[in-house]
There are 2 protein chains.
Amino acid sequence: MNGTGPLVLVVEDEPQVCRFLRAALSSHGFRILEAGTVREAEQLATSHNPEVYLLDLGLPDGDGIDLARRVREWTHAPIIVLSARGREEDKVNALDAGADDYLTKPFGVNELLARLRVALRHSRAGPAEEPVIEVGPLRIDLARREVRIEGREVRLTPTEYRLLTLLARHAGKVLTHRQILREVWGPNATEAHYVRVHMAELRKKIERDPARPQLLITEPGVGYRLRDQLEPG
Amino acid sequence: MNGTGPLVLVVEDEPQVCRFLRAALSSHGFRILEAGTVREAEQLATSHNPEVYLLDLGLPDGDGIDLARRVREWTHAPIIVLSARGREEDKVNALDAGADDYLTKPFGVNELLARLRVALRHSRAGPAEEPVIEVGPLRIDLARREVRIEGREVRLTPTEYRLLTLLARHAGKVLTHRQILREVWGPNATEAHYVRVHMAELRKKIERDPARPQLLITEPGVGYRLRDQLEPG
DNA sequence: ACGGGGCATCAAGGCGGCGTCAAGGCCCGG
DNA sequence: CCGGGCCTTGACGCCGCCTTGATGCCCCGT
């Protein structure tokens, strides 16, 4: 479960806390960078540009507060301070130096994760892009559930839409009758005739000449395939 | 020293804490709104659109968590929860409901002020987004809870308003029946009929010809979507 | 040449989704 | 205590989609 989630830089010199954080974070999909000193932390920060920082104070070669201040000079990535010092003055100094949150040890895993979610919620305010599949002249916008062929919009019934998206997600590859039936009609479906009827409907809507398909290709005796590039003929 | 600084809405029912907060905030230039109940808080929030919220849990007429969730539906203004409950579960719930920070009572004035500075630093960093959604001829002012169609104001019931804002926040995208039910009627709702009835009411109010919808489009077998661009036909 | 299996097409029918109307109950304000 | 607004719930009719069967074609093997 490594390689998908946000990249977090953990700056911490106590091995025990390190292990604790590593377990908590990696089990929730985060990718982790670790630094034990201010020097290491700055190198990793500039080279990898992590999405969020977990910062212990009291490092062997300098103060975490200064590190926070320097990091804040070139990025708005959230910084969460983890510290054994619970004095109010320490918190105020860290927060005013650029930290976004301050947790006093000991703290629970769930609180840490919740505060991480808050931090990431802030930094990801930007709009996310929509997933779109493009195959030849076809364009399928999954979020809008909109299908266009050469720019023109086509209305599809639920079954036709499921058929087409299934084929499009495996563009170029042959899907057997059995695979198609299981994906579109559920694991118990057996009537291969369903596929033929709905494939004909689909061809009426997206093929120039439904009698001579250029996109929805029949593979006799095997299944169907959505052509993903022009072929001779 | 009133009239210059950021407007903060204090939601708190204990008079003693109220006095404490009032003194701490006003002496640092904040302008203050006070509410002792969820009801009051929502009225003041929508009418004055404060820059930041200080929210006590355990109010006489409802849960502060729900208040946070509802406020978060139409603004990104920071919410700082102040609570005597120190359990980790309480913190996680509040933060996941939309709160940006959580202070356990008792806390120091300086820490509160420092965390307020962090919150304001965040909200002023990004482009101050207006709490207004415009989709085609529709204009929804979330702070005023006001809906206009081609300039004319329309009165919506609470359910209709939630339906419309849900669709508007995902303008153009298809929302499934399940998504709509979960967002508007809560995670346990199953009656798809609710959606149909209220969608019909909504159409009566915002469609020119409710029998031929141009805005609230039905996606048969899937759900609904709010059209965000003109289409031929 | 003939027969059979796989495939395409068409049409009929049933069924479920959808829109509409209306009655009943709940909550809140007067 | 009464009244109005709103949500829920049920009934009903329509339309569209899926299913299902019939028919014919093409390709192949015999």
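This is a predicted model, so every value here is computed, not measured.
Judged by distance alone, with hydrogens and angles left aside, the side-chain atoms of Glu111(A) form no donor-acceptor pair with the main-chain N or O of Glu88(B) at under 3.5 Å. Judged purely by atom type and a 3.5 angstrom limit, Arg22(B) has no side-chain atom pairing as donor or acceptor with the backbone of Val10(B). Remark: the backbone N or O of Pro187(A) is paired with a side-chain donor or acceptor of Arg182(A) at under 3.5 angstrom. A donor-acceptor distance shorter than 3.5 angstrom exists from the side chain of Arg72(B) to the backbone of Ala77(B), with no hydrogens or angles considered. Between the Glu207(B) side chain and the Leu216(B) main chain, a donor and an acceptor come within less than 3.5 Å of each other.
For Glu201(B) and dA22(C), the CD to P distance is 12 Å, given to the nearest whole Å. Between the CE atom of Met199(B) and the C1' atom of dC18(C) there is a distance of 12 Å, given to the nearest Å. Whole-Å rounding puts the Ile180(A) CD1 to dC7(C) P distance at 11 Å. In this structure, CZ of Arg203(A) is placed 13 Å from P of dC10(C), rounded to the nearest angstrom. Rounded to an integer number of Å, the gap from CD of Glu219(B) to P of dG19(C) is 11 Å. Atom pair Arg212(A):CZ and dA8(C):C1' shows a separation of 14 Å (rounding to whole Å applied).
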Does the side-chain contact (heavy atoms from CB on, under 4.5 Å) test come out yes or no for Ile80(A) and Leu103(A), once each step is laid out?
-> CA-CA 7 Å; Ile80(A) 301 179; Leu103(A) 268 79; 4.0 Å; yes
Give the intermediate values and the outcome of side-chain contact (heavy atoms from CB on, under 4.5 Å) for residues Leu215(A) and Arg203(A).
-> CA-CA 8 Å; Leu215(A) 296 167; Arg203(A) 280 177 174 149; over 6 Å; no
Could you go step by step and tell me if His177(A) and Tyr194(A) meet the side-chain contact (heavy atoms from CB on, under 4.5 Å) rule?
-> CA-CA 10 Å; His177(A) 299 123; Tyr194(A) 293 174; over 6 Å; no
Show your reasoning for whether salt bridge (charged side-chain N to carboxylate O under 4.0 Å, His left out) applies to Glu150(A) and Arg208(A).
-> CA-CA 11 Å; Glu150(A) 288 166 353; Arg208(A) 283 184 174 280; 3.2 Å; yes
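If you walk DNA chain D from 5' to 3' and mark each nucleotide with an atom closer than 4.0 Å to a heavy atom of chain A, the marks span dC17(D) to dA22(D).
For dG6(C), the OP1/OP2 oxygens have no side-chain nitrogen or oxygen of Tyr224(A) closer than 4.0 Å. Remark: Arg196(B) is not in phosphate contact with dT20(C), judged by side-chain N or O atoms under 4.0 Å from OP1 or OP2. Remark: His193(A) is not in phosphate contact with dC7(C), judged by side-chain N or O atoms under 4.0 Å from OP1 or OP2.
Listed nucleotides: dC18(C), dT9(C), dT20(C). Nearest to the side chain of His177(B): dC18(C).
With salt bridges taken as basic N to acidic carboxylate O contacts below 4.0 Å, none links Asp63(B) and Arg69(B). With respect to Glu153(A) and Arg227(B), no salt bridge is recorded, no charged nitrogen being found less than 4.0 Å from a carboxylate O.
A heavy atom closer than 4.0 Å to some atom of DNA chain C occurs in no member of residues 163-172 of chain A.
Taking five base pairs at each end of the helix from dA1(C)-dT30(D) to dG30(C)-dC1(D) and finding the rotation axis that steps the C1' atoms of four pairs onto the next four gives two axes whose angle is 20°, to the nearest 10°.
Where Thr159(A) and Thr157(B) each meet DNA chain D at their nearest nucleotide, the meeting point lying more 5' is that of Thr157(B).
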